[in-house]
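What follows is a short report on a single structure.
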Amino acid sequence: MSFQLSVLNKQFINGEWRQGKSQTLLQNINPFNEDILAEVNGATLEDIDEAYQASAKAKLEWDRVNPYKKRDILEKAVAIIDLHEEEIVQLIIAELGGTRLKAAFEIGLVKNMIKEAATYPLRMEGKILPSTEDHKENRLYRVPAGVVGVISPFNFPFFLSMKSVAPALGAGCGVVLKPHEDSMVTGGTLIGKIFEEAGVPKGLLNVVLCDIKEIGDGFVEHPIPRIISFTGSTTVGSYIGQVAVKNFKKPLLELGGNSAFIVMEDADIDYAVNAATFSRFTHQGQICMSANRILVQKSIYPTFMNKFKEKVAALKVGDPSDPETVIGPVINKRQAATLEDLIHTGIQEGAEPILLGEISGNLVAPTILTNVTPEMTVAQKELFGPVVCIMTFDTEEDAVAIANHTQLGLSGALHTANVERGVEMAKRIHTGMIHVNDVTINDEPIVAFGGEKQSGLGRLNGEWSLDEFTTMKWISVNYSQRQLPY
């Protein structure tokens with residue numbers, strides 16, 4: 001068994017590794033040196049139909065597998081990852097420009113997610129409820145929702161694909177996975193290979209590599225999937241959610257963030273500087289939970305900024321395969337150009353760059369923008385890269401108001417010596433998650449994960465994923481005969 005690109009650069013449909021039927025050639029490009037890692041013919045709508053049909057058929061077989069056997073298969077997937085961890089690290093470095101630190105972090109998240117999903121087959125509990133009618137009982141059965149269509153992004157694709165794939169399989173569903181075109185392997189075929197080796201039924205999990213311009217809405221509109229799980233930008237997620245609902249499918253949407261990292265005057269400044277740096281610059285800031293806005297109470301602003309600038313300026317930018325590198329390349333030229341435009345826009349609107357990073361190819365060195373106000377473009381848009389806004393505030397009320405001055409509400413962090421004051425402030429910030437004396441980047445396998453406002457719909461992880469990927473079926477039993485009016 002090998003996890004080499006020569007094996008993984010194909011479609012995985014109905015248990016077979018093959019080329020797609022499209023003439024469109026999809027290229028897998030290393031974002032650091034821009035080498036072409038692999039090429040594959042894209043999937044057509046016919047390929048997607050075959051994948052969904054195979055998943056629906058295989059689900060019937062999966063339904064008959066003993067729950068303990070299902071658990072064993074999912075646990076075996078973790079053992080396979082352990083066995084091939086260094087190969088997976090190399091794939092993340094090559095395909096995503098992720099550092100070794102990022103790769104280890106992502107793989108750890110993946111393994112924890114699968115371990116949690118492995119418990120789901122043994123947690124498909126039902127209920128027996130009383131009835132208003134004599135001699136009758138009401139049974140509620142937790143059953144798999146059906147087939148799930150998963151669309152994943154390029155930033156943490158191994159984890160953010162697995163975040164839906166593993167729980168859906170654990171809950172008894174079939175899955176068709178469409179990874180982002182910039183992460184076809186780590187977000188797609190790698191996962192197909194892992195579960196193939198673990199022993200899921202042929203066709204239960206399919207991976208289709210597509211050019212969205214060719215397939216249009218076909219992946220979402222297909223009649224088979226009951227759930228569409230999408231992770232990505234708010235703009236695209238809004239559209240996918242509308243198409244899903246129009247076609248009577250449940251959308252699960254994990255969308256963009258604009259996290260505030262609040263530093264109160266009584267915070268441990270050195271710790272806050274370290275936590276803020278991690279929150280913004282991990283994986284080049286290409287994380288939906290990254291701290292876009294750092295809010296510092298005015299009384300400690302000079303001290304915080306001196307230390308923060310010094311730490312950020314010392315971060316090593318370069319080859320992600322170098323263990324010393326903290327900031328590797330952003331995913332592609334388009335993203336680098338977008339960041340450059342946002343930096344220029346911020347400066348034109350009055351922001352002051354106290355650290356202005358050089359942009360060379362896809363390498364974007366850190367930029368720190370100060371004198372940022374809540375209305376500026378850079379304070380309102382998700383900065384998906386190593387660029388951060390610094391803002392000041394006077395009072396708790398000011399900090400909460402600034403933090404809430406956004407249409408997004410995914411994550412956040414708040415640093416203070418008074419934990420309970422921090423918790424009370426956190427309750428007033430309109431976000432799905434916020435962390436006191438911690439980083440903005442948090443994801444744990446048994447804790448509800450999801451956003452408010454335009455940051456998404458639904459919750460994943462733990463019991464919430466089990467709820468999302470199952471449905472409750474009511475079967476009533478009348479042990480006598482109902483008295484009918486006619």
Side-chain angles (χ1 to χ4, degrees), residues 234 238 255-269 271-273 275-277 279-280 285 287-305 308 342-343 345-354 367-384 387-442 450-457:
T234 294
S238 173
L255 309 179
N258 188 10
S259 298
F261 186 104
I262 301 170
V263 186
M264 304 299 292
E265 61 186 357
D266 62 347
D268 181 324
I269 293 180
Y271 174 55
V273 164
T277 304
S279 295
R280 177 63 255 174
I287 304 175
C288 55
M289 295 173 283
S290 294
N292 285 350
R293 302 168 295 154
I294 298 177
L295 283 54
V296 184
Q297 200 154 17
K298 285 182 179 177
S299 59
I300 60 167
Y301 176 78
T303 304
F304 178 90
M305 284 309 303
F308 183 66
L342 282 168
I343 292 168
T345 298
I347 294 170
Q348 289 170 359
E349 292 180 356
E352 178 185 346
I354 64 166
T367 289
I368 302 174
L369 299 175
T370 62
N371 294 335
V372 175
T373 60
E375 293 78 17
M376 287 184 181
T377 301
V378 289
Q380 289 298 313
K381 285 189 173 291
E382 181 177 27
L383 303 173
F384 218 61
V387 182
V388 67
C389 299
I390 311 294
M391 309 165 82
T392 61
F393 64 90
D394 289 309
T395 66
E396 290 181 17
E397 289 70 24
D398 293 336
V400 171
I402 295 169
N404 285 336
H405 193 80
T406 173
Q407 290 301 309
L408 302 173
L410 187 59
S411 187
L414 195 154
H415 281 243
T416 175
N418 187 333
V419 170
E420 292 309 318
R421 178 178 70 166
V423 170
E424 290 306 311
M425 287 180 66
K427 290 177 181 178
R428 295 157 58 198
I429 295 173
H430 304 152
T431 184
M433 307 167 285
I434 187 163
H435 311 285
V436 178
N437 294 333
D438 203 352
V439 295
T440 60
I441 302 167
N442 275 275
E452 295 295 326
K453 299 189 285 189
Q454 293 183 15
S455 283
L457 295 172

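Just so we're clear, the structure is a prediction, and the values are computed from it rather than from any experiment. Values reported hereafter were calculated over all heavy atoms of this structure, with side chains retained and with hydrogens, waters and symmetry mates removed.
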Assess whether side chain to side chain contact (heavy atoms under 4.5 Å, CB included) is satisfied between I294 and F308, documenting all intermediate values. CA-CA 11 Å; I294 298 177; F308 183 66; 3.5 Å; yes
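- Separation of atoms NE2 (H415) and CD1 (I262) is listed at 10.5 Å; rounding is to 0.5 Å.
- Here the CE atom belonging to M289 is positioned 6.0 Å from the CD1 atom belonging to I441, to the nearest 0.5 angstrom.
- Put simply, the side chain of E352 never gets that close to the backbone of I347: no donor and acceptor are under 3.5 Å apart.
- Scanning both residues, C389 and L383, for their nearest heavy atoms gives SG-CD1, 3.7 Å.
- One distance of note links CG of N404 with CZ of R428; it measures 9.0 Å at 0.5 Å rounding.
- Taking CG of D438 as the start and CE of M433 as the end, the distance is 12.5 Å to the nearest 0.5 Å.
- Every residue two or more places apart in sequence or in another chain that forms a side-chain contact (heavy atoms from CB on, under 4.5 Å) with T440 is listed here: S259, F261, S279, A291, S411, A413.
- Scanning both residues, S290 and G285, for their nearest heavy atoms gives OG-O, 3.5 Å.
- I269 CD1 to T303 OG1: the interatomic distance, rounded to the nearest 0.5 Å, is 5.0 Å.
- Using a 4.5 Å heavy-atom threshold, the side chains of V378 and V387 count as separate.
- At distances below 3.5 Å, at least one donor-acceptor pair connects side-chain atoms of N292 with backbone N or O atoms of G257.
- No side-chain heavy atom of I343 sits less than 4.5 Å from a side-chain heavy atom of P353.
- If you check the side chains of Q454 and T234, you find no donor sitting under 3.5 Å from an acceptor.
- Minimum heavy-atom separation, A379 to T373: CB-O, 3.5 Å.
- The salt bridge (Lys or Arg N to Asp or Glu O under 4.0 Å) contacts involving residues 369-384 comprise nothing, where partners must be two or more places apart or lie in separate chains.
- Closest heavy-atom contact between I402 and R293: O-NH1, 2.9 Å.
- Under the 4.0 Å criterion applied to side-chain N and carboxylate O atoms, E424 and R421 are not assigned as salt-bridge partners.
- Heavy-atom minimum distance, A260 versus L295: CB-CD1, 4.2 Å.
- A heavy-atom distance below 4.5 Å is found between the side chains of M425 and E396.
- Between the E265 side chain and the Y301 main chain, no donor and acceptor come within less than 3.5 Å of each other.
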Pair I368-M305, side chain to side chain contact (heavy atoms under 4.5 Å, CB included): steps then yes or no: CA-CA 10 Å; I368 302 174; M305 284 309 303; 4.1 Å; yes
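- The main-chain N or O of D394 is found under 3.5 Å from a side-chain atom of Q297 such that the two form a donor-acceptor pair.
- When side chains are defined from C-beta on, T406 counts as touching K453, because their heavy atoms get closer than 4.5 Å.
- Residues I300 and V263 form a side-chain contact, since some pair of their non-hydrogen atoms from C-beta on lies under 4.5 Å apart.
- The CE atom of M391 sits 8.5 Å away from atom CE of M376, with the distance rounded to the nearest 0.5 Å.
- A distance-only check finds a donor-acceptor pair linking the side chain of T431 to the backbone of L410 [under 3.5 Å].
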